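Reading through the structure tokens given below for one structure.
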There are 2 protein chains.
Amino acid sequence: MVNRQAAARQAGPGSEARPRGRGRPRSFDRETALEKAILAFWEHGYEGTSVSDLTEVMGIGAPSLYAAFGDKRSLFAEVVTAYGTRYGSFSDRALTEERTARAAVARMLREAAAEYTEPGRPHGCLVVHAATNCTTPEVEDSLRERRNANVAAIESRIKAGVAAGELPADVDTAALARHTGAVIQGMSQQARDGATKEQLEAVAELAMRVWPCP
Amino acid sequence: MVNRQAAARQAGPGSEARPRGRGRPRSFDRETALEKAILAFWEHGYEGTSVSDLTEVMGIGAPSLYAAFGDKRSLFAEVVTAYGTRYGSFSDRALTEERTARAAVARMLREAAAEYTEPGRPHGCLVVHAATNCTTPEVEDSLRERRNANVAAIESRIKAGVAAGELPADVDTAALARHTGAVIQGMSQQARDGATKEQLEAVAELAMRVWPCP
DNA sequence: TTTTTTCTGTAACGGCCATTAGGGAAATAT
DNA sequence: ATATTTCCCTAATGGCCGTTACAGAAAAAA
């Protein structure tokens with residue numbers, strides 16, 4: 001019986017290159033299914049997305065899901081990682097590619113305004129919203145650690161800026177970093193609550209006024 | 001059978017004064033039970049708190065809960081209202097009691113840092129976190145409306161400040177208000193993620209730098 | 001072709017969810 | 001005292017949860 005598209009036999013790009021096994025190959029593209037799972041978890045959160053929801057949007061049966069991704073927890077873990085590389089990388093890029101700490105943070109905030117309101121996909125940030133009030137503490141903690149790591153990365157970039165002489169030596173790097181993290185997370189919440197790209201860009205621009213004069 | 005404390009016969013203070021009915025009075029204090037429900041929903045969110053959890057912390061059976069508060073939805077609605085008056089009123093007080101818009105917002109942010117990290121109770125704001133990724137859209141929307149109403153109240157106070165000549169007439173009141181809302185919501189998230197009162201106060205103080213010089 | 005391996009679909013598992021029916025207990029009113 | 005009203009406890013409801021046994025289909029290897 002072939003009631004679903006039997007496309008992409010060869011295990012889509014980016015999948016762990018299995019040694020071309022002997023049996024029947026899976027009939028769905030793993031990466032495409034993972035993308036659907038990302039969107040579902042992004043929009044409805046970890047507990048708001050049932051396995052039933054997942055099998056529906058991924059277009060596969062429950063046994064196929066468990067065979068390809070393990071249980072719900074490990075699928076979510078993979079989703080979070082893939083989200084980071086596919087949708088959350090703007091943050092790291094801003095921090096590494098800009099010449100000054102100030103420019104890095106300004107770009108990070110400006111791009112967040114666009115990313116969090118991009119049409120055709122869920123608003124806001126998966127890492128901020130997908131595991132709030134989670135019955136499974138490990139899941140909630142995993143995203144909390146990512147958020148705190150993000151703040152730490154911002155502080156580390158700011159410290160580098162201070163070391164480079166861009167900023168006064170007495171600047172409170174920890175407070176500046178936490179402020180940036182709070183603004184980003186607040187922008188994500190605002191995006192979920194209906195704020196537009198332009199409104200968030202105005203917030204981002206305002207937030208940069210806390211920096212010492214350039 | 002009397003296995004629970006039979007205190008507070010007279011329907012606690014603040015309860016809707018029933019006409020002193022004829023039958024057996026309820027054996028628990030409604031306000032105390034409601035307070036326990038507030039704490040439970042505050043910490044674990046609407047869907048993260050089961051009716052089973054509620055009956056346990058409230059110290060009553062499920063039928064008593066349904067008789068006294070209606071179903072889970074209406075209990076949550078009452079919880080949100082009571083939370084607003086018992087724990088969330090600092091915001092309105094700051095907006096109405098201070099002489100200038102700037103002082104009002106500064107106090108609001110400063111007090112949020114303390115409220116959101118108060119020991120002995122859940123961190124952060126119930127309105128921000130208790131209905132994220134909710135399977136019941138009405139519940140999620142009800143808190144969203146409260147958040148947006150809060151931003152609107154801030155903007156209204158800022159506009160009054162402009163009208164009073166405290167601020168330049170060309171200030172972007174909407175952006176300033178949304179920025180304040182985003183910072184508060186971000187502070188709430190940071191409090192949930194482990195930030196201390198002092199760290200949040202530093203964020204609040206930084207955030208006030210976006211205001212035009214006083 | 002036959003054999004072997006893996007995937008897929010059906011259907012079920014126990015467990016927790018929110019909610020409530022029903023009977024007996026408790027307290028007031030008479 | 002009895003009658004009346006209301007509450008509380010036990011236990012159950014149907015429904016969805018995440019997960020998996022099982023059987024058969026499909027494709028590769030021999």
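The sequence lines fix the lettering, A, B, ..., with proteins before strands; numbering per chain opens at 1. None of the values given here were measured: they were computed from a predicted structure. Scope of the values below: all heavy atoms of this structure, side chains included, with no hydrogens, waters or symmetry mates.
- Looking at A/Val80 and A/Arg146, their side chains come closer than 4.5 Å, going by heavy atoms from C-beta outward.
- Atom pair A/Ile60:CD1 and C/dT8:C1' shows a separation of 10 Å (rounding to whole Å applied).
- Side-chain atoms of B/Arg147 and B/Gln185 form no donor-acceptor pair, as typed in the model, at a separation below 3.5 Å.
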Output a table of nitrogen or oxygen pairs between the protein and nucleotides 15-20 of chain C separated by less than 3.5 Å.
{"residue": "C/dC17", "atom": "OP1", "partner": "B/Ser50", "partner atom": "OG", "Å": "3.4"}
{"residue": "C/dA18", "atom": "OP1", "partner": "B/Val51", "partner atom": "N", "Å": "3.4"}
{"residue": "C/dA18", "atom": "OP1", "partner": "B/Lys72", "partner atom": "NZ", "Å": "2.7"}
{"residue": "C/dA18", "atom": "OP2", "partner": "B/Val51", "partner atom": "N", "Å": "2.7"}
{"residue": "C/dT19", "atom": "OP2", "partner": "B/Tyr66", "partner atom": "OH", "Å": "2.5"}
{"residue": "C/dT19", "atom": "OP2", "partner": "B/Lys72", "partner atom": "N", "Å": "3.1"}
{"residue": "C/dT19", "atom": "O5'", "partner": "B/Tyr66", "partner atom": "OH", "Å": "3.0"}

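- When the side-chain contact (heavy atoms from CB on, under 4.5 Å) test is applied to A/Ala177, the partners found at least two apart in sequence or on another chain are A/Val151, A/Ile154, A/Glu155, A/Ile158.
- Side-chain contact between B/His129 and B/Gln189 is present, with at least one heavy-atom pair separated by less than 4.5 Å.
- Residue pairs meeting the ring-ring contact (aromatic ring centres under 6.0 Å, His included) criterion with at least one member in residues 65-87 of chain B, sequence neighbours excluded, are B/Phe41-B/Phe76, B/Trp42-B/Tyr83, B/Trp42-B/Tyr87, B/Tyr46-B/Phe76, B/Tyr83-B/Tyr87.
- Across the protein-nucleic acid pair, A/Leu65 atom CG and C/dG9 atom C1' stand 14 Å apart, rounded to whole Å.
- Note on B/Ser27: every side-chain N or O is 4.0 Å or more away from OP1 and OP2 of D/dC7.
- Counting to the nearest Å, the C1' atom of D/dG18 and the CE atom of A/Met58 are 15 Å from each other.
- In this structure, CZ of B/Phe28 is placed 9 Å from P of D/dC7, rounded to the nearest angstrom.
- Spacing between atom CG of A/Leu75 and atom P of D/dG18 amounts to 11 Å, rounded to whole angstrom units.
- Side-chain N or O atoms of A/Arg157 include none that pairs as donor or acceptor with a backbone N or O of A/Thr96 at under 3.5 Å.
- Atom C1' of nucleotide D/dA3 and atom CZ of B/Arg24 are separated by 17 Å, given to the nearest angstrom.
- What separates CZ of B/Arg26 from P of D/dT5 is a distance of 19 Å, to the nearest Å.
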